[in-house]
Every structure is written in C-alpha cells, then in structure tokens.
Amino acid sequence: MKKIIMLSFVACSFIGNAQTTTPSTPAAPAEKEWDVTMYGFIRTDYIWDTRKSASVRELNLNLYPNDEAKLADGSDKNDVGQSNFLSVVSRLGTKVKGPNVWGAKMSGILEGDFFGNTESSPSSIGMFRLRHAFVNMDWAKSSLTLGQTWYPNFIPECFPGVANFNTGILFNPFGWATQARFKQNLTKQLSIAVTAYKEREFTTNAATDGTTTATQNSATINSSIPTFNGHLQFRSKNWLAGVQFEYKSIQPLTVSNGKMTTEKVTSTSIMGYAKYSNDAFSVKAYGISGGDMSNLVMLGGYVGYTTGTEVQKFEASKTSSFWLDIASNGKKVAPGLFFGMTNNKGTGHTLAAGETAFYYMRGTNLPTAPTRVIDKVIRISGRIDFKQNKFRVSPELEYTSAVWGDLNTNGNGKADANQVTVGNMRAMVSCVYTF
C-alpha cells in the first residue's frame, strides 16, 4: 500500500511539473558578420536603324542622327540603314555587407559590364568595364558614400524606363564618377545631400594647344577643385521630387601657345525632377539647364578663344533638356511612352577682331575644326515590356530627329544658317534574364 501511495505521489509531481514548465524559446540565429550576394543579368539587344547616327559600341547606344553629307551626285551618304545584335551590356555585380564601423552599418557594391571603355584601336568592346565600386556608411539619420557610383545628377529612382540601353541619354544625365557624398535626413520625407566628385569615364572634351591634345581626364585632373553638387529631395509613398544645384571648375590646358596657363572653365547647372507612382502606373519628369555638361553625355561642352599668340580663354556652352516618361506598372505586360528634347544654347560670346574659336563640344560634325553643329534634338519612343518571372522581352520603336546648322560666325557655338532636320527610326528588341 505504501508503494502505491509513493508511486502516485511521484506521478502527480511529474504531471504537475510538465504542466507548469514553459517550453524554451529557440535562440534567434546570430546575424551574419559578413554577407556577400551576387547579382546581374544576361542581355541581348537586336537593333535596326534607318539612318547612320552618332553612336557608341557598334550602334548599341545611339545619340543623334548624323547631318546630311552630300556626294557629287547629290545623294546623302548618311541616309542608309544599319543593324546589329549585341550582348555587351550583360552585367555582373556583388553586394557586400560587413561589421559596423564607428556605429555605421557598412555595405558596398562592386559592379561591371562588358561594354568596354573605347571602340577606337585597340578596341575594348566585350571587355569587362567598371561601373560601380563604392562603400556606404549608414547611421540612423545620415550616410556617407565613398567611391565610384552614379553622377549625382542621375537619379536611380527617376530615370527613363526605355528599353534602349541609352536610358534617355542626351536628355537625361548619365555616367559614374568617383565621389564623396554626405546625406542628412532632415525629416522622414526630406533629405539633403552634398557631393564632391571627379569625372572619370564620361568626361569633358579634351582641349588642344595647337600642337598636342590633352588626355581624356586631364581637364578635371588639372583642377584642384572637384565639382560640387547640392541635392534637396522629398520622398513619400507615391511621390519623389528633388532639386539640385551644381558648380564645376576645370582646367583644360596647362600650356597654351607655348605659355603656361591657369585658365579655367567655370559653369553652373540647375535641375529638378518629379515622379508619381502607384500600383497601376508611373509618371516621371526631369529638366536640367547649365553649362559644360558633355561629361553627362549631353550636348555642349565649352569653347576656347584666343587672339594671336595669347593663351586660350574658355567659355562654357550652355544646354537645356527636358523629358517625360509614362509607363504601366503591370506585372506581366507594361507599355511605356517617352518624350525628350534638348537644345544647344551656345556660349553667349561674340568674337572680337582677330579672335579665333576652338570648339570642344558634343554635337558637331567634326572632332576638330567643325563647321556644323546641332541646334536641337527631339526623341519619342514607345515600348512594351513582356515579363515572366526573371525574364523580360521589350520591343521598342524610337524616332530621333536632329536639327543641324552652320556654326555661327560670331563664335558662340550655336547653329546658324542652312539648317536641316534629319531623323532616324530605331526598331529594337531587348531580351533580359536577371539573376
């Protein structure tokens, strides 16, 4: 009997303990000290043009249709079609996260594609090219970016969604620069950023002293002052908007006409943008106006002026541009429409007696001693994105027209007499598989 009572007591104690004991909660997995992620896409573009155009990498990135070039029989040698198939914009990148530094969350990106840096001999088309290489230090209300990434004028959340790899080039700034950018969040919706940068791959046109030509990056390297950009941005659930102001000072030459020189090209630019997006569609708009913006792959640049054997003095050539992009946000099928316009506004300088002008501008008919220049370029394009999982096929029709004219005899870099309008129709299909 005693044994039965004892066993009953033990059993009741065990059951009671089992009912009152709380199961232990599994420990949360420790956060990774390092995290490395690969990403990219495989892309092929199929391109057909109705007219020869100024382009980069064997037609892949088209800028504007070439001016008329009449032969002896009156025919225009640029009025011919072209086509090409290319996969050189395929991309590979790495995202990295690491341990905190000075209380900041650390991250970085190293990214490149196979676009190459030049197609002049020796060509680098198909070779790996650096796009992004930067680290970001992120505190609660501020961040610091160090390295090569987008020009501050290029807004990753607000650029044309065209199928063409040009991403609206000539109308929207494009390119990367090595920089230091500090961003401060003023409120949950408002932020301000200041960037100091130096041009690298996409640079200002090189000048010449009449005997030798400066190297690709010499104009910005000769200047001890980087370009400064200030950016105020508003962000909400559906809206994104911002304004920027930029100051730039470069020195094209250190020797001109056999004399040492410190002459600079100083310029400013101002831009603004806005984007509205919901589940059904998005509307984006962007406008910019300023001087010496050829490093942003836009029209213009600067003009050098000299009298006799005096050193060249420089004036920035001014450009204005505007674009609008309307697109569906459909998950399977998403049509879109783009419109862009850009104008060459010249330098505003008038040649004095005996003064000579040297043009270092994008949008002329010759790299040296040009006789013709673009007055304006207009582009309209329509596309449809067909999407399935990570694969996208995007057919697009794009029409670009350019107004060419004789260089103004006053030396201001604007188009004058004998203006003609030429156009190119581009049909293309872009196929992209993302990973």
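Starting from 1, each residue takes its place in the sequence as its number.
Judged by distance alone, the side chain of D138 and the main-chain N or O of A104 form no donor-acceptor pair under 3.5 Å. Remark: the backbone N or O of Q251 is paired with a side-chain donor or acceptor of N222 at under 3.5 angstrom.
Put simply, the residue from T364, D416, L407, D406 that forms a side chain to side chain contact (heavy atoms under 4.5 Å, CB included) with R372 is D406. Each of K284, Q233, R235 was scored for a side chain to side chain donor-acceptor pair (under 3.5 Å) with E157, with one residue passing: R235.
Taking the side chain as every heavy atom from C-beta outward, Y360 and V303 never approach each other to under 4.5 Å.
Using a 30° and 60° split on the angle between ring planes, H132 and W150 fall in the perpendicular class, above 60°. Using cut-offs of 30° and 60° for the angle between ring planes, the Y151 and Y197 rings count as perpendicular. Between F314 and Y302, the ring planes lie perpendicular to each other; the angle is over 60°, past the 30° to 60° tilted range.
In this structure, S218 and P252 approach most closely via the heavy-atom pair OG-O, 4.3 Å. Closest non-hydrogen pair, N424 versus R51, comes out as OD1-N, 2.9 Å.
Rounding to the nearest 0.5 angstrom, the gap separating the CG atom in N172 from the CE atom in M298 is 7.5 Å.
No hydrogens or angles considered: nothing links the side chains of S394 and S430 as a donor-acceptor pair under 3.5 Å. Side-chain N/O atoms of T145 and N136 include a donor and acceptor closer than 3.5 Å. Between the side chains of T371 and N365, a donor-acceptor pair is found at a separation under 3.5 Å. Side chain to side chain, N153 and E246 meet the donor-acceptor criterion of an N or O pair below 3.5 Å. Side chain to side chain, T195 and R181 fail the donor-acceptor criterion of an N or O pair below 3.5 Å. There is no side-chain donor-acceptor pair under 3.5 Å between T319 and N343. A donor-acceptor pair shorter than 3.5 Å can be found between the side chains of E111 and Y39. Judged by distance alone, the side chains of N164 and N62 do bring a donor and an acceptor atom under 3.5 Å apart.
More than 12 heavy atoms of other residues, nucleotides or ligands sit less than 6.0 Å from atom NZ of K387.
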